[in-house]
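Just below is one structure, and these are the notes that go with it.
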Amino acid sequence: NAGVTQTPKFQVLKTGQSMTLQCAQDMNHEYMSWYRQDPGMGLRLIHYSVGAGITDQGEVPNGYNVSRSTTEDFPLRLLSAAPSQTSVYFCASTRAGHTGELFFGEGSRLTVL
Amino acid sequence: GNSVTQMEGPVTLSEEAFLTINCTYTATGYPSLFWYVQYPGEGLQLLLKATKADDKGSNKGFEATYRKETTSFHLEKGSVQVSDSAVYFCALSARGASGSARQLTFGSGTQLTVLP
């Protein structure tokens, strides 16, 4: 059972570089989301999608782009990395209408120098 | 807007001690409430939930009761084990102020360490 798979697990970038964090789920979940986890701040929602072709902004969307071309995949793009984007990123998914009961990936730790 | 406040950690207990982690919330409408657990190096996992007032969620010996009058959802366990060492997050699911779709709002997390 793969569940939610995130890659890469670790990444170091220089300021201004761009990159994509990959997220894939094999549970046929309609809803997918990206969170960032920072010390003392819990998890904050970046972007989410309720189905293929539909995306929307969360609490902290600036500096990030997403797309949802298939049900399975929900990549997160950093357009021009900044030190403030150093964080641990989590992808999560669930069935439509059950947005409180999320299945999380193992996380991607990003450091921006 | 919606928010969750958790007791600050870290919390350190001896094995078999009683655990309480306080959680209070502010939300529009009628939220559902959740506790998630994050073990070292892993993603979050749903521990328990409650969807309406006076509901009690329970799992793995943990319990929490949805108290609308005090806007609280405190996590309790009667006898903790070393394997319970983890970070615990309280969360709520509710619509945003503008009536947007229900999203999960997390507290800041409480680190629990259980010593043998």
Side-chain angles (χ1 to χ4, degrees), chain A residues 1-7 9-10 21 23-25 27 29-51 54-61 68 74 87-109, chain B residues 1-10 21 23 25 27 29-52 55 57 59 64 66 73 86-111:
Chain A
N1 250 358
V4 178
T5 303
Q6 291 183 232
T7 56
K9 287 188 167 34
F10 300 94
L21 298 176
C23 176
Q25 53 90 10
M27 297 174 281
H29 285 164
E30 297 88 353
Y31 179 91
M32 297 185 74
S33 55
W34 277 101
Y35 287 84
R36 59 177 290 172
Q37 183 179 28
D38 301 294
M41 301 185 73
L43 279 75
R44 292 180 292 168
L45 182 64
I46 304 172
H47 285 286
Y48 66 95
S49 168
V50 299
I54 306 169
T55 63
D56 207 345
Q57 296 181 351
E59 181 186 355
V60 287
R68 184 93 181 272
F74 191 45
S87 187
V88 181
Y89 292 85
F90 287 97
C91 180
S93 72
T94 191
R95 297 171 293 162
H98 291 78
T99 51
E101 301 172 40
L102 295 176
F103 294 79
F104 282 83
E106 293 186 346
S108 299
R109 182 175 293 276
Chain B
N2 302 324
S3 66
V4 176
T5 302
Q6 282 183 240
M7 68 181 287
E8 294 188 10
I21 301 178
C23 171
Y25 67 89
Y30 303 95
S32 296
L33 301 174
F34 305 84
W35 277 98
Y36 278 80
V37 58
Q38 183 181 30
Y39 298 103
E42 298 183 9
L44 281 71
Q45 304 173 25
L46 179 63
L47 180 59
L48 54 84
K49 68 175 183 179
T51 58
K52 61 183 186 296
D55 267 3
N59 186 25
Y66 188 152
F73 193 54
V87 182
Y88 292 82
F89 292 90
C90 186
L92 70 83
S93 173
R95 293 193 181 276
S98 59
S100 57
R102 298 177 74 95
Q103 300 296 339
L104 207 56
T105 299
F106 286 90
S108 57
T110 301
Q111 172 75 56

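In what follows, every heavy atom counts, from backbone to side chain, and hydrogens, waters and symmetry copies are set aside. Just so it is clear: chains get the letters A, B, ... in the order the sequence lines come, proteins before strands, and each one is counted from 1.
With a 4.5 angstrom heavy-atom cutoff, Ser93(B) touches chain A only via side-chain atoms. Contact of Phe103(A) with chain B is not made at all, since no heavy-atom distance falls under 4.5 Å.
Contacts of Glu59(A) classified as salt bridge (Lys or Arg N to Asp or Glu O under 4.0 Å), with partners at least two apart in sequence or in another chain: none. Every residue meeting the side-chain hydrogen bond (donor to acceptor under 3.5 Å, both in side chains) condition with Gln6(B), not counting sequence neighbours, appears here in chain and number order: Thr110(B). Partners of Glu30(A) under the salt bridge (Lys or Arg N to Asp or Glu O under 4.0 Å) rule, at least two apart in sequence or in another chain, do not exist in this structure.
Listed by sequence position, Tyr35(A), Gln37(A), Gly40(A), Met41(A) are the residues of residues 32-41 of chain A in contact with chain B, using a 4.5 angstrom heavy-atom cutoff.
The CG atom of Leu104(B) sits 9.0 Å away from the CG atom of Leu45(A) when rounded to the nearest 0.5 Å.
Between the side chains of Glu101(A) and Tyr36(B), not a single donor N or O lies within less than 3.5 Å of an accepting N or O.
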Inset, instruction - Dump the intermediate steps for side chain to side chain contact (heavy atoms under 4.5 Å, CB included) on Leu102(A) and Leu46(B), then the final yes or no. - result: CA-CA 7 Å; Leu102(A) 295 176; Leu46(B) 179 63; over 6 Å; no

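Side-chain atoms of Gln45(B) and Phe104(A), non-hydrogen and from C-beta on, never get closer than 4.5 Å to each other.
No more than 12 heavy atoms of other residues, nucleotides or ligands sit less than 6.0 Å from atom OH of Tyr30(B).
In terms of heavy-atom pairs under 4.5 Å with chain A, the best-connected choice from Ser108(B), Gly41(B), Gly107(B) is Ser108(B).
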